[in-house]
Amino acid sequence: MKRALRILLAEDSPADAGLVEYEIRTAYEPVIQRVEDAESMNRALRDDALDLVISDYYMPGFGAFAALELLRESGRDLPFIIVSGNLGEDFAVEAMRAGANDYVMKNNLSRLVPAIERELRDAALRRTAKEAEEQLLEHQARLEGLVSHFPGVVFQLIEEDTGKYKFSHVSQGSVELLELPPGPLETDPGEF
């Protein structure tokens with residue numbers, strides 16, 4: 001069974017949208033919401049179930065760069081693939097620098113599914129890394145809360161490549177117990 005894929009497609013040509021959908025159907029069961037302007041794209045970006053955005057490079061009054069900017073403003077981390085009929089190399093480079101994840105030429109849509117698969121994997125990795133970072137920050141905050149209320153000095157001593165030791169962390173308890181703030185101890189362990 002093919003995986004369902006929710007796609008926001010910025011495309012003004014129903015025929016081109018049909019070709020994109022036909023190609024995607026070779027590997028996925030796409031649910032495509034097609035938009036042609038900024039207002040409808042902004043509304044569509046409120047859908048939390050979206051998996052990716054595909055945009056035509058140029059549409060009258062709207063295009064890939066405007067769509068990419070709207071995606072960025074929304075704060076969503078969705079793969080963004082540009083599909084174009086005549087995107088030159090300079091424009092492709094500019095699009096990638098602006099934040100597009102990939103581009104596919106309309107005359108070579110066989111590249112679309114591999115691009116989608118790669119970008120979905122990369123997006124999943126980014127989400128996993130972000131979740132891990134958020135958990136780490138949460139654990140660090142919890143640990144700092146515990147350490148700051150501990151009656152005494154909590155420190156971490158590490159050995160440097162030179163064989164000397166230094167403090168990588170000294171708790172605020174050093175002020176009460178040693179009458180020294182943590183900063184100087186971390187900078188110069190000899191103060192200890």
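These figures come from a predicted structure and were not determined experimentally.
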If I take atom [atom1] from residue [X] and atom [atom2] from residue [Y], how far apart are they, to the nearest 0.5 angstrom?
X: Glu11; Y: Met59; atom1: CD; atom2: CE; answer: 6.5 Å
X: Ile54; Y: Asn101; atom1: CD1; atom2: CG; answer: 11.5 Å
X: Glu117; Y: Asp122; atom1: CD; atom2: CG; answer: 12.0 Å
X: Leu52; Y: Ile116; atom1: CG; atom2: CD1; answer: 5.5 Å
X: Leu9; Y: Ile81; atom1: CG; atom2: CD1; answer: 11.0 Å
X: Asp37; Y: Asn42; atom1: CG; atom2: CG; answer: 9.5 Å

Tell me, please, which residues at least two apart from Tyr28 pass ring-ring contact (aromatic ring centres under 6.0 Å, His included).
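Partners of Tyr28 under the ring-ring contact (aromatic ring centres under 6.0 Å, His included) test: none.
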
side-chain contact (heavy atoms from CB on, under 4.5 Å) partners for Ala4, two or more places apart:
none

Summary of salt bridge (charged side-chain N to carboxylate O under 4.0 Å, His left out) pairs that have at least one residue in residues 149-163, sequence neighbours excluded
none

So which pairs with a foot in residues 67-78 pass salt bridge (charged side-chain N to carboxylate O under 4.0 Å, His left out), sequence neighbours left out?
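Pairs touching residues 67-78 that pass the test: Glu69-Arg72, Asp77-Arg126.
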
Who pairs with Asp16 by salt bridge (Lys or Arg N to Asp or Glu O under 4.0 Å), at least two apart in sequence or on another chain?
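Here the qualifying residues are Lys106.
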
Please evaluate residues Arg34 and Asp12 with respect to the criterion salt bridge (Lys or Arg N to Asp or Glu O under 4.0 Å), reporting the C-alpha separation (whole Å), side-chain torsions for both, the decisive distance (0.1 Å), and the verdict.
CA-CA 8 Å; Arg34 188 167 67 90; Asp12 63 331; over 6 Å; no

Scan the side chains in residues 129-138 for donor-acceptor partners under 3.5 Å anywhere in the protein, sequence neighbours excluded, and list what turns up.
from   : atom 1 : to     : atom 2 : distance (Å)
Glu138 : OE2    : Arg142 : NH2    : 2.7

Which is it for Leu70 and Phe62 under the side chain to side chain contact (heavy atoms under 4.5 Å, CB included) test, yes or no, and what are the steps along the way?
CA-CA 11 Å; Leu70 291 175; Phe62 191 58; 3.8 Å; yes

Main-chain N/O of Ser74 paired to Arg46 side chain as donor or acceptor, under 3.5 Å
no

With the side chain counted from C-beta on, respond yes when Val93 and Met96 share a heavy-atom pair under 4.5 Å apart, and no when they do not.
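A side-chain contact is absent here, since even the closest heavy-atom pair is not under 4.5 Å.
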
